Amino acid sequence: MIIYIYYFSQAKENDFELVDIQPHMFEYNPLFGIANNKELKADAEKVLALIDAYDRTLSDASNEIEQYRPPGLSRFERNGCR
């Protein structure tokens with residue numbers, strides 16, 4: 001199976017014209033990894049535990065505020081006031 005690369009140029013604002021077609025020189029897309037650090041970990045992996053703890057803390061605080069909402073507040077919500 002031969003794969004081709006198509007080259008286009010912009011003729012007008014929303015119009016493109018085909019300039020050239022060349023065969024792709026590889027049988028696959030040549031991807032390779034570059035070591036970011038000695039542990040071979042992404043930058044975000046170092047702080048994932050902190051992000052999860054932050055999310056849990058905010059969720060717990062939100063649930064606690066919702067649970068201990070003053071009972072009179074629901075009376076105002078029923079009357080259309082917020």
Side-chain angles (χ1 to χ4, degrees):
M1 180 169 150
I2 299 175
I3 300 173
Y4 294 98
I5 301 171
Y6 297 90
Y7 294 93
F8 293 89
S9 69
Q10 190 169 3
K12 296 179 183 174
E13 187 173 324
N14 293 325
D15 190 24
F16 293 89
E17 61 183 35
L18 182 62
V19 176
D20 192 17
I21 300 175
Q22 295 182 359
H24 194 276
M25 304 306 266
F26 299 104
E27 293 180 9
Y28 58 92
N29 191 359
L31 297 177
F32 54 92
I34 298 175
N36 188 29
N37 50 38
K38 291 180 184 178
E39 296 87 22
L40 299 176
K41 291 186 177 181
D43 293 334
E45 286 185 59
K46 298 175 184 177
V47 294
L48 280 178
L50 295 173
I51 294 170
D52 290 340
Y54 180 77
D55 288 342
R56 278 193 304 274
T57 302
L58 283 181
S59 177
D60 291 345
S62 176
N63 290 339
E64 189 171 328
I65 290 170
E66 184 71 24
Q67 183 179 4
Y68 293 111
R69 185 173 59 179
L73 190 58
S74 62
R75 180 172 36 114
F76 289 113
E77 288 178 354
R78 279 192 302 251
N79 293 333
C81 301
R82 289 193 179 228

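What you see below is based on every heavy atom in this structure, not just the backbone, and it leaves out hydrogens, waters and symmetry mates. Here the structure is a predicted model, which means the values were calculated and not measured.
- Looking only at distances, a side-chain donor or acceptor of T57 sits under 3.5 Å from a matching main-chain atom of A53.
- Hydrophobic clustering (side-chain heavy atoms under 4.5 Å, transitive across Ile, Leu, Val, Met, Phe, Trp, Tyr) keeps Y7 apart from F16.
- For D15, the side-chain contact (heavy atoms from CB on, under 4.5 Å) test picks out A11, K12, with sequence neighbours left out.
- To the nearest 0.5 Å, the span separating CG on L58 from CG on N63 amounts to 11.0 Å.
- By the rule that hydrophobic residues join a cluster once side-chain heavy atoms approach within less than 4.5 Å of another member, F8 and I21 end up as members of one cluster.
- Taken from CG in D20 to CD1 in I5, the straight-line distance is 9.5 Å, to the nearest 0.5 Å.
- Side-chain atoms of Q10 come within 3.5 Å of backbone N or O of E13 as a donor-acceptor pair.
- Here CG of L40 is found 12.5 Å from CD1 of I34. Values are rounded to the nearest 0.5 Å.
- A distance of 6.0 Å separates CD in E39 from NZ in K46, rounded to the nearest 0.5 Å.
- A donor-acceptor pair is defined here as one N or O able to donate and one able to accept, closer than 3.5 Å; such a pair exists between the side chain of N37 and the backbone of K41.
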